[in-house]
Amino acid sequence: MKHIIIKYAIVLFAVFSLVSCEDVLDTEAKDAFAEDLIYSDPDQAERVVFTAYNSTESWSINRFQWWTFRINIEGASWEGKFNFKDLDNPYKMRGGWSPSNAGLAFNNRWANSWDYVRLISEFLGKIDDSPAMQSDPDKVNILKAEMQFLRANIYSKLIKYYGGIPIMENALGLDDDFNLPRNSYEECVDFIVRELDAAAAVLPETQPDAWFGRATKLSALAVKSRTLLYAASILHDPSTVPNGPLYDYTKGSKWQDASDAAKAVIDLVGARDLIAVANATEYQNLFLSANQDILFARSYGSLYAEMANDINTLPDQAQSPSGYGGWGLVSPSHNFALEFNMADGTTTGGATFDATKPNDNREMRYYADLNFQGANFRGRSVDYALADNPSVSTPDGLDSPNGLGNTLHSSKTGYNIRKFQDESLSALTDLSADRPYILYRLSEIYLNYAEAQYNLGAEDIAREYVNKVSNRALQPDITASGTDLLAAIKRERRIELCFEGHNFFDERRWMEQDHIGGYDIKGLTWKKAADGSLSFTEGTVVNRPWFDYRYYLPIPQAEIEKAPALDQNFGY
């Protein structure tokens with residue numbers, strides 16, 4: 001727990017600025033961050049808030065390690081796998097997690113999160129009595145609410161990874177006892193909800209366009225909706241394993257609370273339809289710039305790259321197929337690709353799916369979210385096929401293991417991620433004007449509400465809201481009932497929110513064993529005959545085993561040694 005001891009020097013972290021970089025850096029405090037200076041002026045206090053925004057997620061799951069600076073959690077989920085040389089060390093999904101090593105993606109999660117909790121708690125403990133508050137209470141109260149939102153957002157992420165954790169409302173001093181026990185999961189949820197309710201009461205409902213990326217009332221309510229939906233899920237039922245105070249949520253009103261939290265957002269937006277799209281390209285564009293369906297996002301652009309101007313942290317470089325000069329770092333699995341429906345709304349298990357032509361007549365989001373054999377991408381067709389007899393007329397595919405670029409990055413499954421790519425850029429190393437990493441959006445809220453209403457027995461309302469999402473994707477109405485309706489809601493969530501950091505947690509909270517581990521990751525290997533005709537074989541790329549402890553990460557052993565009051569998670 002001593003990792004949460006930090007000095008004001010943390011303000012020297014790369015600032016996630018939502019105004020001009022020059023404005024942020026051109027301050028009296030750029031060489032010194034003494035406490036009296038930070039809290040003496042609203043503008044100086046605001047710079048601490050800018051720093052705290054770095055606690056939000058991005059395409060990088062871990063900003064402190066090379067590989068994981070360029071991937072998120074999708075490679076540890078049902079959605080796909082880490083692609084480069086079939087390495088397992090980023091996520092350790094095959095080798096298993098331990099308290100001393102949970103994989104490069106996860107090893108720093110605990111310590112880095114507590115650094116931000118400490119920073120925010122210190123700010124909240126001092127800001128009320130500060131000269132900055134006396135000088136401009138309207139502005140500083142909003143800054144305070146932003147910090148409450150950010151701390152609650154961190155806690156909401158931490159309890160998904162670890163279960164119950166210590167609640168630290170006040171910053172600890174050097175003389176305080178850092179040997180803190182873990183609070184129960186339910187206590188943590190209650191704390192998050194209190195923080196978000198307080199923040200929502202102060203934050204504006206919307207922010208000016210120039211402030212895109214800063215928290216609003218809708219942002220706070222969106223975090224509350226996700227937190228309560230997760231808490232209501234079967235993973236946290238006392239009858240399931242793991243169980244006990246660190247994992248259980250026992251409130252009899254849990255599904256009603258989850259429903260009410262989603263409905264609060266819905267009421268504010270007037271239950272409006274999602275932004276309409278006519279085709280896959282228009283759907284893709286929803287993820288490339290600010291729009292009214294985004295409830296909270298991390299803002300990117302020429303001024304706001306992850307690290308200096310390290311643009312290969314963005315999807316264009318990190319996820320494009322190898323033949324385009326991309327690194328294709330996560331290969332979507334064929335298993336997951338089969339979750340996408342047909343254009344007529346039937347599943348790939350139905351009669352309209354032709355298994356010999358897996359890319360034909362699929363739903364719109366298939367073409368928006370995936371690159372596959374033959375996909376028209378950046379001016380040419382994606383080609384993973386190896387030629388039986390390579391020649392000028394039938395060469396190996398440009399994206400194959402014998403193609404262009406670094407072929408160690410060629411797809412191992414016959415798919416790459418297309419979602420989030422800005423195909424208007426002339427080069428993978430260009431930057432979009434202001435691309436968002438979307439953390440909360442209205443589609444999720446409608447799906448949250450549909451799931452909660454289903455569990456309350458209100459199937460008509462559940463169908464209404466899942467169809468708001470499905471219909472926008474040009475799919476016909478979902479008319480299912482009973483367990484088939486729940487399956488449809490889950491499928492819609494998998495597809496609509498794919499590669500956005502949801503699936504890893506959704507499958508766990510649903511306890512969908514077959515989608516967590518103990519399965520083979522499937523892929524398609526494409527071949528090209530001398531006459532140019534294509535064929536493929538489906539095969540196992542790698543096996544992903546299951547371990548009973550895999551619902552939660554281990555608390556790092558170094559932290560347990562420093563704070564023995566911390567109980568280790570189940571199974572470690």
Side-chain angles (χ1 to χ4, degrees), residues 58-62 65-91 93 104-105 284 287 306 310-337 340 358-359 366-386 396-423 425 427-430 437 498-501 503 521-526 536 539 541-542 544:
S58 70
W59 285 287
S60 301
I61 190 172
N62 179 350
Q65 200 282 332
W66 200 90
W67 278 124
T68 58
F69 205 76
R70 291 151 178 85
I71 54 175
N72 206 293
I73 203 169
E74 61 276 343
S77 76
W78 172 243
E79 297 168 335
K81 65 174 294 296
F82 186 71
N83 188 49
F84 181 71
K85 295 172 64 176
D86 279 334
L87 294 177
D88 189 43
N89 56 328
Y91 303 108
M93 297 308 293
L104 300 175
Q284 285 178 267
F287 299 89
E306 276 270 10
D310 190 3
I311 49 181
N312 58 34
T313 64
L314 299 179
D316 309 287
Q317 177 78 66
Q319 299 296 355
S320 287
S322 56
Y324 297 80
W327 295 349
L329 288 178
V330 173
S331 296
S333 68
H334 183 56
N335 319 48
F336 184 71
F340 288 79
N359 302 318
Y366 185 85
Y367 304 106
D369 295 341
L370 298 177
N371 273 315
F372 49 85
Q373 178 67 31
N376 186 1
F377 180 65
R378 296 188 185 276
R380 70 167 174 87
S381 295
V382 175
D383 190 357
Y384 300 120
L386 285 170
D396 290 318
L398 296 179
D399 309 297
S400 73
N402 293 334
L404 296 177
N406 185 341
T407 56
L408 292 174
H409 291 284
S410 62
S411 175
K412 307 301 184 295
T413 63
Y415 299 93
N416 286 104
I417 295 175
R418 188 172 193 161
K419 195 174 189 177
F420 318 119
Q421 304 260 3
D422 187 349
E423 296 175 44
L425 299 177
L428 299 184
T429 52
D430 290 343
Y437 179 78
C498 70
F499 313 129
E500 296 179 46
N503 187 256
I521 292 176
K522 301 290 187 178
L524 303 181
T525 300
W526 288 88
F536 68 86
V541 177
V542 70
R544 183 168 283 174

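The distance from atom CZ of F84 to atom OG of S410, rounded to the nearest 0.5 Å, is 10.5 Å. To the nearest 0.5 Å, atom CD1 of residue I71 and atom OG1 of residue T313 are 12.5 Å apart. For the atom pair CZ (F82) and OG (S331), the distance works out to 9.5 Å, reported to the nearest 0.5 Å. For the atom pair CE of M93 and OG of S77, the computed distance is 8.5 Å after rounding to the nearest 0.5 Å. For the atom pair CG (D396) and CG (N402), the distance works out to 4.5 Å, reported to the nearest 0.5 Å. To the nearest 0.5 Å, atom NZ of residue K522 and atom OH of residue Y415 are 13.0 Å apart.
Residues N416 and S411 approach most closely at OD1-CB, 3.8 Å, considering heavy atoms. Residues N89 and L87 share a closest heavy-atom pair of OD1-CB, 3.4 Å. Listed here is the closest heavy atom pair of A105 and I61: CB-CG2, 3.8 Å.
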L386 vs W526, side-chain contact (heavy atoms from CB on, under 4.5 Å): CA-CA, chis, key distance, verdict: CA-CA 6 Å; L386 285 170; W526 288 88; over 6 Å; no
Exercise for the section: Might you work through the side chain to side chain donor-acceptor pair (under 3.5 Å) test for Y367 and N359, ending with a clear yes or no? Expected result: CA-CA 9 Å; Y367 304 106; N359 302 318; over 6 Å; no
Go through V330 and K81 one step at a time and tell me if the side-chain contact (heavy atoms from CB on, under 4.5 Å) criterion holds.
CA-CA 5 Å; V330 173; K81 65 174 294 296; over 6 Å; no
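The aromatic ring centres of F69 and W59 sit 6.0 Å or more apart. Note: F420 and F499 fail the aromatic proximity criterion, with ring centroids not under 6.0 Å apart.
For the pair R70 and W66, the cation-pi criterion (under 6.0 Å, within 45° of the ring axis) is fulfilled.
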Please report, to 0.1 Å, the donor-acceptor pairs under 3.5 Å made by any side chain of residues 368-375, with sequence neighbours excluded.
residue, atom, partner, partner atom, Å
Q373, OE1, Y384, N, 2.7
Q373, NE2, D383, OD1, 3.1

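Of the options K419, Q421, E423, a side chain to side chain donor-acceptor pair (under 3.5 Å) to Q284 is made by E423 and by none of the others.
Under 3.5 Å, the side chains of Y324 and D316 contain no donor-acceptor pair of N or O atoms.
Listed by chain and residue number, nothing satisfies the side chain to side chain donor-acceptor pair (under 3.5 Å) test with S322 (two or more places apart in sequence, or in another chain).
The residues D399 and R380 are annotated as salt-bridged, a charged nitrogen and a carboxylate oxygen being separated by less than 4.0 angstrom.
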